[in-house]
Protein chains: 2
Amino acid sequence: MTSQKSSAGMIAASGRKPADKVAARAPQRERGRARVAALLAAASEVFAENGYDAATMTEIAARAGASIGSLYQFFPTKELIAEALHAQYSDDFAAMLAGLAPRVAGKPGATLADVLFRDLSGFLTAHPAFVVLADRRDIDKKRKKKTHARLRGQIAALLAQADPPIAPARAEALAVIVLHLLRSAVAIAGEDDLPHRAAVLEELRAMLRRHLAAA
Amino acid sequence: MTSQKSSAGMIAASGRKPADKVAARAPQRERGRARVAALLAAASEVFAENGYDAATMTEIAARAGASIGSLYQFFPTKELIAEALHAQYSDDFAAMLAGLAPRVAGKPGATLADVLFRDLSGFLTAHPAFVVLADRRDIDKKRKKKTHARLRGQIAALLAQADPPIAPARAEALAVIVLHLLRSAVAIAGEDDLPHRAAVLEELRAMLRRHLAAA
DNA sequence: GCCTTATATGAGGCTTGGCTCATGTTTTGG
DNA sequence: CCAAAACATGAGCCAAGCCTCATATAAGGC
């Protein structure tokens, strides 16, 4: 699974709960933490396999080896477990981007394209639930905007410090495109009955590379 | 709305129904045809606004000014009305591609990129339900494969007859990419709270143009 | 006019799935 | 060891939504 603490922080801030705003209950004991981890792992599988709507709380609980009541102990709504998972992946993804920054600073655009394409689409492919959750329609607008802005900003920052540096405004636009290209890559990778899958992905990578290589 | 006959043909082939395979009942009288048209138009709106899962048969009927029973008269399942709509859009899209062919034959790749980007993403933006229905997870595998293969083939054919002609194998790969780029374009166009939307779309178009321009 | 077939209607059957709650069991602090 | 808090359990409540059906009404064909 992905990092534990990153999302543990997202679950019910330590102090007072503001009003009675529904939030995930944070586990207090070791057993609880293990449960939460198992539940999140199970949810990740079920969401990835069935999508958000078709995923059922009953199956998530079952796959985690927990009762339905135990699931609701920590995640009072289906929406909340989706949010917790999404926040976790989001943080992990951001962390990966941050780790990438020092390694690619000052490199030419083409190299940047290769690295982004390989590492980021690798992450998304390894965590299909992330894409599912990020794409769902009924996601909270505010949260979505913030998450998206953060990722865009990080990618734009990487692009801005390429060898022939890219102007910030253009880097922002390119970041949006990179994100969409990655989703396409994941979709292509997961498509069944697609001949020459590898060739298509290679072509996609080449396209981005060529575009970033050109000033 | 889109062409009527294209999907009228998809609704319950004229002869015997093979076994008792559930299929949309074809209207026999004028009143019925009007109903079907209204129902499809309503379904298109509701699917586009809410997605397949969240769309309800009750709302589709209401928006068409019909009773729920009347809706089920012509479309015995939710799945069937989705299929009918999707088939209609699919045919219309294919028709548009066919109409494009003579107009772009022998033109350079860059021009082709511009035309494809403008006309096709225009079509998708004008018919958002098409994208929603094409993307839904529980779509019939066989049907999806066929539809996809047809569109890919048509786009590949356009690319193959560009001025410096593109080899068929590569054209097929590029066709897959073009389809995905178009979906990205529609997504970007529909994204709210996205600064510089126009600039992003322009960048996307430029990327495809550059890639197709290079041999 | 009359019979047949197409179309219209909406109350309700029925399943699914999110969620609650009363009743346990385990763990911890003192 | 014991009380309190954390955690576990699963039967079942409940709303939503797909779909059926008995009962109309409109529209041809003769």
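To find a chain, count down the sequence lines: A is the first, B the second, and so on, and within it residues start at 1. What you are looking at is a predicted structure, and each value in this text was computed from that prediction instead of being measured.
The nearest whole Å value for the distance from the CG atom in A:L71 to the P atom in D:dG10 is 14 Å. Computed from coordinates, the A:N50 CG to C:dT16 C1' distance equals 15 Å when rounded to whole Å. Going from atom CD of B:Q73 over to atom C1' of D:dA24 covers 13 Å, rounded to whole Å. B:D138 has its CG atom 14 Å from the C1' atom of D:dC18, to the nearest Å. The separation between B:I60 atom CD1 and D:dC18 atom P is 8 Å, rounded to whole Å. The CZ-C1' distance, from B:F75 to C:dA8, rounds to 16 Å in whole Å. The distance from atom CD of B:E59 to atom P of D:dC19 is 16 Å, rounded to the nearest whole Å.
The residue B:Q28 sits close only to the backbone: its heavy atoms come under 4.0 Å of sugar-phosphate atoms, none of a base.
Residues B:D193 and A:K142 are not paired through a salt bridge, judged by the lack of any N-O separation under 4.0 Å between the basic side chain and the carboxylate. Between A:K144 and B:E191 there is no salt bridge, since none of the side-chain N atoms of the basic residue sits less than 4.0 Å from a carboxylate O of the acidic one. Using a cut-off of 4.0 Å between Lys/Arg side-chain N and Asp/Glu carboxylate O, B:E203 and A:R170 are scored as salt-bridged.
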Per-nucleotide protein contact string for nucleotides 18-30 of chain C (B base, S sugar-phosphate only, - none; heavy atom under 4.0 Å): SBB------BS--
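Between the side chain of B:S44 and the backbone N or O of B:L40, no donor-acceptor pair lies under 3.5 Å.
Ring orientation note: the planes of B:F130 and B:F123 are nearly perpendicular, at an angle over 60° on the 30°/60° scale.
Look at B:R35 and you'll find a side-chain N or O under 4.0 angstrom from OP1 or OP2 of C:dT9.
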Derivation and outcome, side chain to side chain contact (heavy atoms under 4.5 Å, CB included), residues B:H211 and B:L174: CA-CA 10 Å; B:H211 193 63; B:L174 285 172; 3.7 Å; yes
